[in-house]
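Everything on this sheet refers to the single structure shown next.
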Amino acid sequence: MSGVNITSVLQETRKFPPAKEFSATAHVKSEAEYDELWWKAKDDPTGFWGSMSQNLDWFEPFDTVLEGEMPNTKWFVGGRLNASYNCVDRHLKTWRKNKAAIIWEGEPGDTRVLTYQDLHRETCKFANVLKSLGVQSGDRVTIYMPLVPEIIVAMLACARIGAVHSIIFGGFSADAVAERNNDAQAKVVITADGGWRRGKEVELKHAVDESLEKSHTVQQVVVLRRTGTPITMVPGRDHWWHDLMAEASPDCEAASLDSEHPLFILYTSGSTGKPKGVLHSTAGYTLGTMMTSKWVFDLNDTDTYWCTADVGWITGHSYVCYGPLANGATVMMYEGAPNWPHDGRFWEIIEKYKVTIFYTAPTAIRSFIRWGDEWPNKHDLTSLRLLGSVGEPINPEAWMWYHKVIGGERCPIVDTWWQTETGSIMISPLPGATTTKPGSCTRPLPGVVPDIVSKEGESLPDNTGGLLVMRQPWPSMLRTLYNDHERFLKTYFSEIPGCYFAGDGARRDEDGCYWVMGRVDDVLNVSGHRLSTMEVESALVSHPLVAEAAVVGFPHEIKGEGICCFVTLTTGDGDDALKQQLKDHVRKQIGALASPDMIRFSNALPKTRSGKIMRRLLRDIAAGRERVQDTTTLEDYGVLAKLRASEE
Ligand code: PRX
């Protein structure tokens with residue numbers, strides 16, 4: 001961890017209490033109701049979660065709610081259940097059988113609706129397809145697909161037979177896919193010929209073909225036909241989705257799985273080393289996402305709920321798939337970009353489907369602001385009743401714009417703080433109960449006990465910046481990092497003994513509201529997605545002309561953080577052509593989301609006498625700040641002036 005020196009400069013005093021009409025029908029109706037729930041959960045976590053667990057359907061009841069202490073906890077010990085059953089089958093016994101589970105629109109404008117009954121049939125068939133390919137309970141299956149209903153079918157089919165899915169976002173490159181396949185030792189890859197993004201095709205199958213040259217555990221590939229583009233099918237290895245489905249039986253009983261059976265692995269970036277395979281369990285994760293969807297999004301059967309995240313990220317796992325479906329909600333999905341074929345596509349979709357709940361990221365909101373109010377103003381957005389934000393701190397001005405222009409000053413905004421590791425939302429307003437403040441994710445959900453501590457682990461007083469930790473375990477927390485329990489212990493539980501350390505800096509104000517200030521480690525948050533500086537550095541250094549590289553974030557108007565790379569070459573001075581070459585190189589190694597915004601050549605980097613790169617100095621230079629930091633440990637003072645001169 002780099003030095004913790006957190007000064008909060010944000011002074012925001014506007015407050016927005018929930019509207020009476022909203023509270024009247026909300027699942028949690030008042031601050032008092034919230035307080036009661038929260039204290040119940042804090043004082044008697046096992047009693048609280050034991051009673052909440054009755055919201056799931058169990059094949060076998062559990063004996064013990066919680067066994068062990070953080071970090072090694074087991075929830076609902078001895079119980080047996082199935083996540084796919086909880087998301088689909090149980091609704092078939094109710095009137096929801098013919099309710100729309102998924103309303104989908106592709107980027108080109110094609111549309112589909114799957115009822116819960118449809119989703120059940122497709123899931124069962126695809127579960128049988130997986131079985132026919134030799135997939136067994138516990139096997140890892142990689143999913144690398146566009147945002148089409150079949151990605152949900154694939155996830156639920158894995159869950160149905162106890163296979164562990166590992167979804168890789170479609171924006172990652174072939175090399176990134178190979179690395180994740182190898183780490184998970186994936187047996188099968190599910191992909192598509194391609195997907196649509198901004199009118200262009202994302203060539204997924206080509207990337208899979210390339211990745212399989214480097215990942216040898218994969219035996220079978222299933223390919224969905226989405227774009228119709230010509231691709232190569234390798235006989236014996238590659239199969240068309242529609243061919244296999246045509247043969248598959250629609251009967252497949254959901255496997256009875258242990259509460260702690262792994263549900264999925266999702267790779268996320270850390271400050272050091274390769275991506276971390278965050279592993280989530282069946283019962284705790286399903287319960288966490290189900291309850292938080294209900295509390296935070298106040299889901300009702302009349303809602304059309306739209307979370308714009310790609311299913312390849314945790315937000316899509318928890319709040320496109322598992323959480324809303326466990327509640328029997330109607331989920332809107334849109335395949336493509338918000339600005340295709342025009343900058344008002346999202347607002348057009350909201351009007352067309354009468355979306356009631358809209359959940360997106362601050363980076364998207366900042367783009368909407370830039371594109372202009374005329375786009376949302378062209379559409380009737382009065383169906384909306386609730387707005388959400390996730391992925392990074394939302395700046396108060398973006399919050400106010402969201403509130404006014406999209407929410408018509410009518411919709412509560414839930415700013416939800418959580419992480420891939422936490423599985424479900426941890427700190428967020430409850431829309432019928434909490435007074436919101438622009439820029440604050442407000443208060444912890446029931447069962448969540450956060451604190452702000454110093455580096456030494458001491459609780460800090462209100463309005464003092466420090467490290468955000470969790471003092472009590474919660475059901476949907478990650479169980480381990482796949483194949484690397486040591487790293488799991490070290491990353492999350494060694495900094496502050498007895499606590500889960502989130503890696504974020506934050507403060508709590510006098511009302512008990514949390515203000516998250518961002519990461520305190522070397523993790524970038526680019527467009528709400530975590531990227532490790534170290535991964536970008538190793539991608540750069542793998543280029544033959546790069547001797548050394550240091551990567552830092554800098555404030556970026558749309559993306560939140562941009563990527564600035566300081567590069568020392570093995571030979572020559574570097575020019576614009578080489579900058580472009582290096583940007584392309586990083587894209588190829590990691591994917592477009594890691595593409596550097598700025599490359600600066602320098603013949604030396606600022607280092608301490610022991611050879612550690614002084615990133616805080618580089619951060620100032622990247623941000624164009626002249627502020628003179630403490631440079632007493634710097635080995636060569638001249639290097640700073642040279643770096644400042646190395647402009648993009
Ligand atoms: O720094 C926090 C930021 O995103 C990190 C988690 O990233 P990831 O695992 O990719 O999950 C993103 C979606 C849940 C956190 O450590 N973050 C996420 N939501 C917020 C946030 N920062 C401030 N406010 C938020 N609402």
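Order of listing sets the numbers, starting from 1, for every ligand and every atom in it. When a residue number appears, it is its place in the shown sequence, counting from 1. Fair warning: this is a prediction, and the values are worked out from it, not measured in the lab.
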Q: Taking ring pair (Phe, Tyr, Trp, His ring centres under 6.0 Å) as the test, write out the residues that go with Tyr482, two or more places apart.
A: none
Q: For the residue pair His317 and His165, categorise the inter-ring angle as parallel (less than 30°), tilted (30 to 60°) or perpendicular (more than 60°).
A: tilted
Q: Could you walk me through whether Ile613 and Leu618 pass the side-chain contact (heavy atoms from CB on, under 4.5 Å) test, one step at a time?
A: CA-CA 9 Å; Ile613 293 175; Leu618 292 176; 3.7 Å; yes
Q) What residues come within 4.0 Å of ligand 1, counting heavy atoms only? A) Ile314, Thr315, Val390, Gly391, Glu392, Pro393, Asp415, Thr416, Trp417, Trp418, Gln419, Thr420, Asp504, Val516, Arg519, Asn525, Arg530
Q: Pick out which of Asp509, Thr442, Thr13 makes a side chain to side chain donor-acceptor pair (under 3.5 Å) with Lys437.
A: Asp509
Q. So among Trp306, Tyr319, Tyr305, Phe297, which one has a ring-ring contact (aromatic ring centres under 6.0 Å, His included) with Phe358?
A. Trp306
Q: Write down the atom of Asn72, the atom of His485, and the distance for their closest heavy-atom approach.
A: OD1-NE2, 3.0 Å
